[in-house]
Every structure is written in structure tokens, then in C-alpha cells.
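All ligand and atom numbering here is 1-based and tracks the order in the structure. Here the structure is a predicted model, which means the values were calculated and not measured.
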Amino acid sequence: MSKLLVTGGNFLEGTIAVSGAKNAVLPIIAASLLSGEPIRLDDAPDLLDVKVMSEVIKSLGASVERDGSQLKICATNIDNIEAPYDLVSQMRASIVIMGPLLARLGRVRISHPGGCAIGSRPINWHLKGLEALGAEIHMDHGFLDVKAKNLRGTRIYLDFPSVGATENIMMAAARAQGTTVIENAAQEPEIVDLANFINQMGGKIRGAGTSVIHIEGVREFHGTVHTVIPDRIEAGSYLLMAAATGGDVLVQNVISDHLKPVLAKMEEAGIEFNEEDEGIRIRGNGNYQAVDIKTQVHPGFPTDLQAPFLALLTKSNGTAVVTETVFENRFMHVDELKRMGADVKIEGRSAIVQGTSCLYAAPVTATDLRAGAALILAALTAEGTTEIRGIHHIERGYERIQEKISRIGGKIERVD
Ligand code: EPZ
């Protein structure tokens with residue numbers, strides 16, 4: 001089993017470049033199924049999850065080739081409607097192939113995705129939206145068997161602004177007859193990037209990034225070249241690591257507007273940074289105030305940065321309350337941080353974090369990719385060398401993380 005050895009105590013100094021966004025490129029790869037013409041994605045991060053999503057659409061008949069940070073996709077011959085169980089079970093995000101496949105072929109068979117460490121993660125709102133567009137859904141031995149002779153535009157109100165449900169419905173509606181309006185839609189930047197991509201292929205989507213999205217169905221989608229937006233969660237993770245070690249780091253390829261709630265909290269905590277043309281430069285001094293965090297859907301504080309920020313707060317001055325409102329079980333990193341000396345108490349959906357002067361190395365395990373980032377952050381500031389297991393989770397969402405952190409002075413080594 002591979003693990004990371006991270007030795008604390010070094011300042012992080014230098015420049016770190018953020019890769020393309022995992023949570024944008026995954027639905028965009030699925031949306032490529034709408035077109036039969038060649039597509040090129042630039043700044044497509046080379047991640048495990050991207051490999052799995054690429055294998056999923058290849059299993060349906062598409063071709064996918066990686067050339068450095070470019071992905072070349074061609075979905076001319078889509079001749080299979082069933083995504084393989086062993087791929088879908090690896091990554092629940094594969095569920096977003098339902099929308100485009102229904103739009104393209106009128107049929108899809110996919111195993112009902114399981115939950116994962118952070119929650120049961122049902123897909124009821126995905127299915128409700130697709131049924132509203134005219135899909136017939138049957139459960140058959142753990143597989144969802146979905147048919148839709150012709151999808152018709154309609155008005156859909158989402159009970160909760162689910163990112164995946166908004167994406168699935170948007171992609172199905174993109175080729176439906178007539179216009180669809182999604183109300184209470186997710187507003188994440190990755191939704192906007194997906195809508196821009198579909199429009200570049202000939203789609204007619206308006207309002208992405210707001211809570212009301214209008215989608216006028218079109219029949220034909222042509223090829224395109226699209227540059228994936230930078231990964232705001234990766235950027236935030238590195239900004240927080242630099243703050244925690246007291247480093248001087250320029251985080252390049254960042255859209256500050258996508259990180260507003262995080263930058264606001266960093267400012268409130270007294271972390272020094274400024275936005276430059278090339279990115280965000282952070283001059284941490286390792287000394288910052290405790291701040292309360294409450295995760296919300298965008299444009300609120302992102303749930304994906306709750307774990308890294310909580311890890312930072314374990315060394316702040318004072319007591320912080322961190323409340324997780326999006327997922328029901330997203331504090332697994334707390335037990336691991338407590339093994340390193342952190343003083344955290346869970347009360348319902350909140351964690352009460354008492355800032356403490358120092359953390360120390362201990363063998364810990366990452367339970368999901370963002371918990372993994374939190375453990376790396378803690379280990380970079382702890383005394384001694386921390387062993388982190390479960391690094392396959394981390395490598396799902398952070399491209400070349402060990403190389404990137406090493407290049408700015410962090411002592412991090414991967415051992416098999
Ligand atoms: C996306 O997951 C992201 N994943 C997640 O990032 C991110 O945490 C999440 O959005 C919230 O921002 C990708 O984009 C691949 P949701 P998604 O549907 O679409 C419940 C990471 O670390 N729900 O907005 O699954 C669900 O259980 C990952 O990169 C239903 O109950 O998120 C959750 O509690 C983790 N029924 C909440 O809503 C549904 O039909 C938000 O889920 C759908 C969701």
C-alpha cells in the first residue's frame with residue numbers, strides 16, 4: 001500500500017500552478033457524448049477520476065486520447081448504452097452520463113451509484129428531473145434502466161440546488177424538444193463551465209451561474225475546443241497550506257471570483273494575501289485568528305474546503321465552530337487530526353475547534369480526497385514525519401500533489 005511521508009517545519013516558498021478543475025472536466029467529458037464530432041479539452045487534469053470517466057465513455061464507443069494536458073475525444077460511434085459496473089462503482093460522478101446518453105440515444109443502463117465516505121449521496125433529484133423531461137426509469141437488479149423516446153422541455157424546480165442533478169438535467173434538456181427551465185439550480189462555477197462548453201458545441205443555455213437556467217433544446221452539436229476552468233478547490237487547498245506553514249507562495253492560474261467566500265474567511269482570520277495578475281500571493285505568518293465556518297452551496301463557503309480549513313484552524317488563536325450543512329458525514333478527518341494532537345469536538349453538524357500551539361506527527365489515513373488534503377496541511381505544520389495512508393483518495397483530485405508541494409519546499413515523499 002502506498003503512503004505519503006510528510007515532514008513538518010518547512011516554510012512553503014515559490015510558485016505553484018493550479019490545474020484544470022476536476023469537477024468541471026468530469027461533466028464536460030460526459031457532455032462530449034452529445035456531439036459526433038471531434039472535441040479537444042485543454043487544461044484537462046491528469047487525475048484518476050478523469051481516467052475513469054474517460055474509460056466510461058470509451059466503453060460506450062467514444063475514443064479518448066490524452067496528449068499532455070489535452071484530452072481529444074470523439075464520440076462519433078456511440079453503440080453501447082450500458083456503463084460498466086466496475087467503472088461506475090469506482091466513481092459516483094459517472095452518473096452524469098445519464099443526461100447526455102438519454103439525449104443522444106434515448107436509452108441508458110447504469111448501476112445505481114453507491115454512497116461513499118462522506119454520505120449516502122442519493123440521486124433522487126437527478127431521477128426526478130429526468131422523469132420530468134419524459135424519461136421512464138426502472139430499477140433492474142441494482143441497475144437503473146432508463147428510456148426516453150423523446151425528451152420534452154419542461155419547468156423543473158430542484159428541492160435542493162444539487163450540482164450533479166443540475167448537470168444531468170441540463171445535458172438531457174440540451175437536446176430535448178422545446179425549452180426547459182431549471183429553478184433553484186446549482187450556481188457553482190463548474191456549472192457555468194459546463195454550460196459554456198455545451199453552448200460552444202451549439203447548445204442554447206442561458207442563466208448558468210444563477211438559480212434559474214433556461215435551456216432551449218437543439219438537435220445537432222458540433223465539435224469544439226474548450227479550456228477547462230482552474231480548480232478553485234485545489235487553489236484553495238494550496239493557499240491554506242501556505243498560510244498554515246507561514247510561507248510565501250504565489251498560487252498561479254486562479255480565478256479569485258470563484259474563491260470569494262474562502263478569501264473572505266482567510267482575511268477575517270488575519271491571513272495576509274493579495275491578488276496579483278498572475279494569481280494570488282500569500283504571505284502566511286503562521287499566526288491567525290479562529291473564524292467560524294458554515295459550508296453552503298455556491299456562492300457560500302464550499303464544502304470541499306471545509307476539511308483543509310478546519311485543519312488550519314486547529315492551530316489558530318481561539319475557538320472556531322465549523323458547521324457542515326451540505327453532506328451528512330464529512331468530519332472523518334477530525335478523528336485523524338485528533339491523533340496528531342488537534343483539540344476538536346463534534347456536536348451534531350458542527351465541529352468545535354480549540355486552536356492549539358502544536359500538532360505532532362502520527363500515522364493517519366485519508367478517508368476522502370479533501371480529508372487527505374487536510375491531513376497533508378496538518379502534517380506540513382506538525383513536528384516530525386507523518387505517515388498518510390489512503391493516498392489513492394488524494395490522487396483522485398490533486399494532480400501531481402507531491403511534486404507541486406516538493407517544488408515549493410514541502411518535505412513530502414511517496415513510498416510504495
Ligand atoms: C459535487 O458532488 C462535487 N463532485 C462534490 O465534490 C461537491 O462536494 C458537491 O458537488 C457539492 O458542491 C463533482 O462535481 C464530481 P450534490 P454532487 O448533488 O453533485 C444530496 C470533491 O471533493 N443529494 O450537490 O454529488 C447529496 O447527498 C467532491 O471534489 C441528494 O440527496 O453534490 C449531498 O448531501 C465531493 N439527492 C447534497 O445533496 C440527489 O439527487 C449535495 O450533493 C443529489 C444530491
Side-chain angles (χ1 to χ4, degrees), residues 19-31 45 47-50 52-53 56 88 90-99 112-132 137 144 156-171 182 184-194 211 228-229 231-237 258-259 261-262 295-309 324-333 349 366-374 393-399 401:
S19 304
K22 167 179 85 81
N23 293 348
V25 76
L26 292 177
I28 284 172
I29 291 170
L47 296 168
L48 197 57
D49 277 9
V50 175
V52 171
M53 186 62 95
V56 168
V88 173
Q90 279 182 57
M91 184 184 64
R92 57 178 286 47
S94 343
I95 197 69
V96 293
I97 64 160
M98 288 179 76
H112 197 293
C116 69
I118 61 177
S120 61
R121 303 187 74 178
I123 56 167
N124 51 317
W125 298 324
H126 296 241
L127 304 181
K128 183 179 162 195
L130 295 175
E131 281 176 330
I137 301 172
L144 290 161
I156 294 165
Y157 185 88
L158 282 177
D159 299 353
F160 176 89
S162 152
V163 171
T166 302
E167 292 166 346
N168 245 332
I169 295 165
M170 196 159 79
M171 291 189 274
I182 306 174
N184 197 26
Q187 304 179 46
E188 275 69 5
E190 293 75 27
I191 302 278
V192 178
D193 204 31
L194 174 61
S211 62
V228 178
I229 56 170
D231 193 318
R232 63 192 167 104
I233 306 302
E234 183 193 10
S237 303
H258 292 172
L259 273 171
V262 183
T295 67
Q296 306 274 7
V297 297
H298 197 76
F301 189 95
T303 172
D304 292 347
L305 282 173
Q306 177 259 103
F309 212 114
E324 172 58 54
T325 71
V326 177
F327 288 100
E328 70 263 28
N329 183 30
R330 203 170 196 179
F331 282 131
M332 277 81 54
H333 44 288
R349 303 205 73 159
T367 48
D368 64 271
L369 73 155
R370 308 307 174 186
H393 290 295
I394 301 171
E395 291 169 345
R396 289 183 56 175
Y398 290 92
E399 189 181 43
I401 187 164

Looking at non-hydrogen atoms alone, which of D304, D231, D49 comes nearest to atom 21 (C) of ligand 1?
D304
V326 heavy atoms, cut-off 4.0 Å: which ligand 1 atoms fall inside?
33 (C), 34 (O), 37 (C), 41 (C)
Taking heavy atoms and a distance under 4.0 Å, where does R121 meet ligand 1: side chain, backbone, both or neither?
both
Is E234 reaching over with its side chain to a backbone N or O of Y398, donor-acceptor style, under 3.5 angstrom?
no
Distance to 0.1 Å, residue and atom name: give those for the protein heavy atom nearest to atom 24 (O) of ligand 1.
V163 N, 2.9 Å
Indicate the ring-plane relationship of F160 and W125, choosing parallel, tilted or perpendicular according to the 30° and 60° boundaries.
parallel
For A93, the ligand 1 atoms whose distance to one of its heavy atoms is below 4.0 Å:
15 (C)
Short side-chain to backbone donor-acceptor contact, N184 and L158, under 3.5 Å
yes
May I ask you to identify, for T303, whether its side chain, its backbone, both or neither come under 4.0 Å of ligand 1 on a heavy-atom basis?
side chain
Heavy atoms only: which of I95, N23, L26 is nearest to atom 13 (C) of ligand 1?
N23
So do M171 and L194 actually touch side chain to side chain, heavy atoms under 4.5 Å?
yes
Let me see the working for N23 and V163 under side chain to side chain contact (heavy atoms under 4.5 Å, CB included), right down to the final yes or no.
CA-CA 10 Å; N23 293 348; V163 171; over 6 Å; no
Using a strict cut-off of 4.0 Å, indicate which atoms of ligand 1 neighbour a heavy atom of K22.
21 (C), 29 (O)
Using only atom types and a distance under 3.5 Å, with no angle test, would you say the side chain of D193 pairs donor to acceptor with the backbone of I229?
yes
Looking only at protein heavy atoms, what sits closest to atom 22 (O) of ligand 1 is R370 NE, 2.9 Å
Of S94, P27, S162, G397, the one whose closest heavy atom lies nearest atom 18 (O) of ligand 1 is S162
Does the residue P122 have a heavy-atom contact with ligand 1, meaning some pair of atoms that are separated by less than 4.0 Å?
yes
So L26 and E190, side chain to side chain contact (heavy atoms under 4.5 Å, CB included) or not? Walk me through it.
CA-CA 10 Å; L26 292 177; E190 293 75 27; over 6 Å; no
Polar contacts were defined as any N/O atom of the residue lying under 3.5 Å from an N/O atom of the ligand; does this apply to I118 and ligand 1?
no
Determine whether any heavy atom of R330 lies closer than 4.0 Å to an atom of ligand 1.
yes
Closest approach of any protein heavy atom to atom 36 (N) of ligand 1, naming residue and atom:
N124 OD1, 2.7 Å
Check: I118 and T303 side chains under 4.5 Å, non-hydrogen atoms
no
Kindly determine whether I95 and H112 satisfy side chain to side chain contact (heavy atoms under 4.5 Å, CB included), including the steps that lead there.
CA-CA 8 Å; I95 197 69; H112 197 293; over 6 Å; no
Note: K22-E399 ion pair, threshold 4.0 Å (strictly below)
no
Which residue and atom name correspond to the protein heavy atom nearest atom 23 (N) of ligand 1, and how close is it?
W125 CZ3, 3.5 Å
Relative to the heavy atoms of G164, which atoms of ligand 1 are at a distance of less than 4.0 Å?
18 (O), 19 (O)
